[in-house]
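Inspection log for the structure reproduced underneath, given as structure tokens.
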There are 2 protein chains.
Amino acid sequence: MPATPNRRERLRAATIGEIHAVARRLLVQEGAGAVTLRAISRDMGMTAPALYRYYPSLDDLLHGLYATFYDESRQHVETTIEAAPGGPGARMFIACRALRAWSIDHPAEFTAMFASRASVKPGGAAPEPGLHAAGMRFADTFLRLFVDLWQHDGIVTPPDADVPPPLAAQLTAFLTQHHVPLPVGAMHAFVSAWVRLFGMIALEVFGYLHFCLTDSQAMFEAELAAIGRQLGLEP
Amino acid sequence: MPATPNRRERLRAATIGEIHAVARRLLVQEGAGAVTLRAISRDMGMTAPALYRYYPSLDDLLHGLYATFYDESRQHVETTIEAAPGGPGARMFIACRALRAWSIDHPAEFTAMFASRASVKPGGAAPEPGLHAAGMRFADTFLRLFVDLWQHDGIVTPPDADVPPPLAAQLTAFLTQHHVPLPVGAMHAFVSAWVRLFGMIALEVFGYLHFCLTDSQAMFEAELAAIGRQLGLEP
DNA sequence: CAACCTGAATTAACACTGTTTACTTTGTCA
DNA sequence: TGACAAAGTAAACAGTGTTAATTCAGGTTG
């Protein structure tokens, strides 16, 4: 891979970008069922088989697209917290709000990201490598934020002895393997907070709170405050 | 609708049942992409257009099938708690474990239920009526359990004044409209607990905890205990 | 009993889909 | 300039949801 890409390689990268843009427009404007090889190629003034020069199948094309969603949401969170004042505690709140805002603003992308794993193949099929890597970068962003929080703000996390042994064993294995400077009690608090944040955002995006809420913003803020309290933070 | 259905109506009901059974087997064993009209009809020894005597489209067939998933999971929860001893507090824990067990045992059905809303149509499309009704029956089961818990066990729910006004207004509207004998503070606690339970189960089923957990059972039990603590219950 | 009608099921067809093969054009590089 | 690889096309195949016209059996009514 040369440092200065050829003219052809630039064209190729531009074409992949256009494929993503067109496929995403179809996904957002006309639904997941409308993003087909022929529809994409039609919008680009090409024929469908030409797309096989860029992806070995439609599934790979979609997984490549979904990986960009992980990166885009992650970058939205990162640029938001970089532009925001305040310490690690305030930054954590801002990051959660930024993730929620992106998800609410991009429901089709959010749904595609989280439904892509189990939708096609049965059984616990291993996720596509590129998608998995993007997901790991995503998780890493929030984990770094939490490590910052733990190191600089003195949040209150439960003592390690409070974590049940079978759970502590798994979390300890993860911490040592990835060199994360966090005690198991703090790691448990991180996963618990993530469960709560994801549950809230997913229910909002999927519309499963409509049965009792017309505008879930207030509920989200209350839940976010509860998460902060759970970590011993003040709003 | 006569009390004693005709012979033809019995045959029709049996056929619909067989359609559901075959479609579900395809969904579970070969993935969501394999449940097609032609595959269903092939397995039943029929032709594809015959299915249009029972459903106006494949989407309607699938929504009818998904509605049975809501009812099945709900009934699994209800029969489990009916056979269990203990007061409302213990029953709530058992109900949460029953829902989790069903979801883990039926990942394809769980995914279909929760991904069906936003997968096909863009925008906030209104859910299909039958599916919506099944979802409401599902929600009602857990809400009744919670009302029982609040009325008989004296759980600790936050005072109504602690609920932010914009959130309290929406919850109060729901409570009065559906004649639920609960204060807003308790209703807020219910929604919060549901957010946490759903988030945990969804992350487990979708495999999004694999990055740090090999067996999420212990994490679920810890989260369930935290939810109980949040409601002022003892395990 | 005969006539009628309704519902179930079929065949044929249409407009799509993902994918493969063979072929042509076009840009790059020695 | 000539050779090579990449990009793109046309044609075809198997499979999809859906519709229209048709046939056949069951139940209802004269």
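What you see is a predicted model; the values in this text were computed from it and never measured. Chain naming here is simple, since letters A, B, ... match the order of the sequence lines and numbering starts at 1 in each.
Taking only side-chain atoms of A:Arg53, from C-beta outward, the nucleotide of D:dA7, C:dG18, D:dG17 with the closest atom is D:dA7. Taking the side chain of A:Ala48 as heavy atoms from C-beta on, and the options C:dT10, C:dA8, C:dT19, the nearest nucleotide is C:dT19. The B:Tyr52 side chain lies nearest to D:dT19 when the options are C:dT17, D:dT19, D:dG8.
Between B:Leu37 atom CG and D:dG17 atom C1' there is a gap of 6 Å when expressed in whole angstrom units. Rounded to whole angstrom, the span from the CZ atom of A:Arg38 across to the C1' atom of D:dT16 amounts to 12 Å. Spacing between atom CE of A:Met46 and atom P of D:dA7 amounts to 10 Å, rounded to whole angstrom units. Whole-Å rounding puts the B:Ile19 CD1 to C:dA8 P distance at 10 Å. Whole-Å rounding puts the B:Leu11 CG to D:dA25 C1' distance at 12 Å. Protein atom CG of B:Leu26 is 14 Å distant from nucleotide atom C1' of D:dT16, rounded to whole Å. Between the CG atom of A:Leu51 and the P atom of C:dG18 there is a distance of 9 Å, given to the nearest Å. Regarding B:Leu61, its CG atom lies at a distance of 15 Å from the P atom of D:dT16, rounded to whole Å.
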Please set out all donor-acceptor pairs under 3.5 angstrom arising from side-chain atoms of residues 13-20 of chain A, sequence neighbours excluded.
residue	atom	partner	partner atom	Å
A:Thr15	OG1	A:Leu11	O	2.8
A:His20	NE2	A:Tyr55	OH	2.9

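Using a cut-off of 4.0 Å between Lys/Arg side-chain N and Asp/Glu carboxylate O, B:Arg137 and B:Asp140 are scored as not salt-bridged. Ion pairing between a basic and an acidic side chain is recognised when a charged N comes within 4.0 Å of a carboxylate O; B:Glu223 and A:Arg196 show no such pairing. By the 4.0 Å N-to-carboxylate-O rule, A:Asp43 lies close enough to A:Arg25 to be salt-bridged with it.
A close approach under 4.0 Å does occur between a side-chain nitrogen or oxygen of B:Arg42 and OP1 or OP2 of D:dT16. OP1 and OP2 of D:dA6 both lie 4.0 Å or more from every side-chain N or O belonging to A:Arg12. Neither OP1 nor OP2 of D:dG8 sits under 4.0 Å from any side-chain N or O of A:Thr47.
Residue contacts for A:Ser57: at a heavy-atom cut-off of 4.0 Å it reaches the sugar-phosphate backbone alone, with no base atom in range. At the heavy-atom level, A:Tyr54 lies under 4.0 Å from the strands shown only through sugar-phosphate atoms.
Judged purely by distance below 3.5 Å, without hydrogens or angles, the side chains of A:Asp60 and A:Ser57 pair a donor atom with an acceptor atom.
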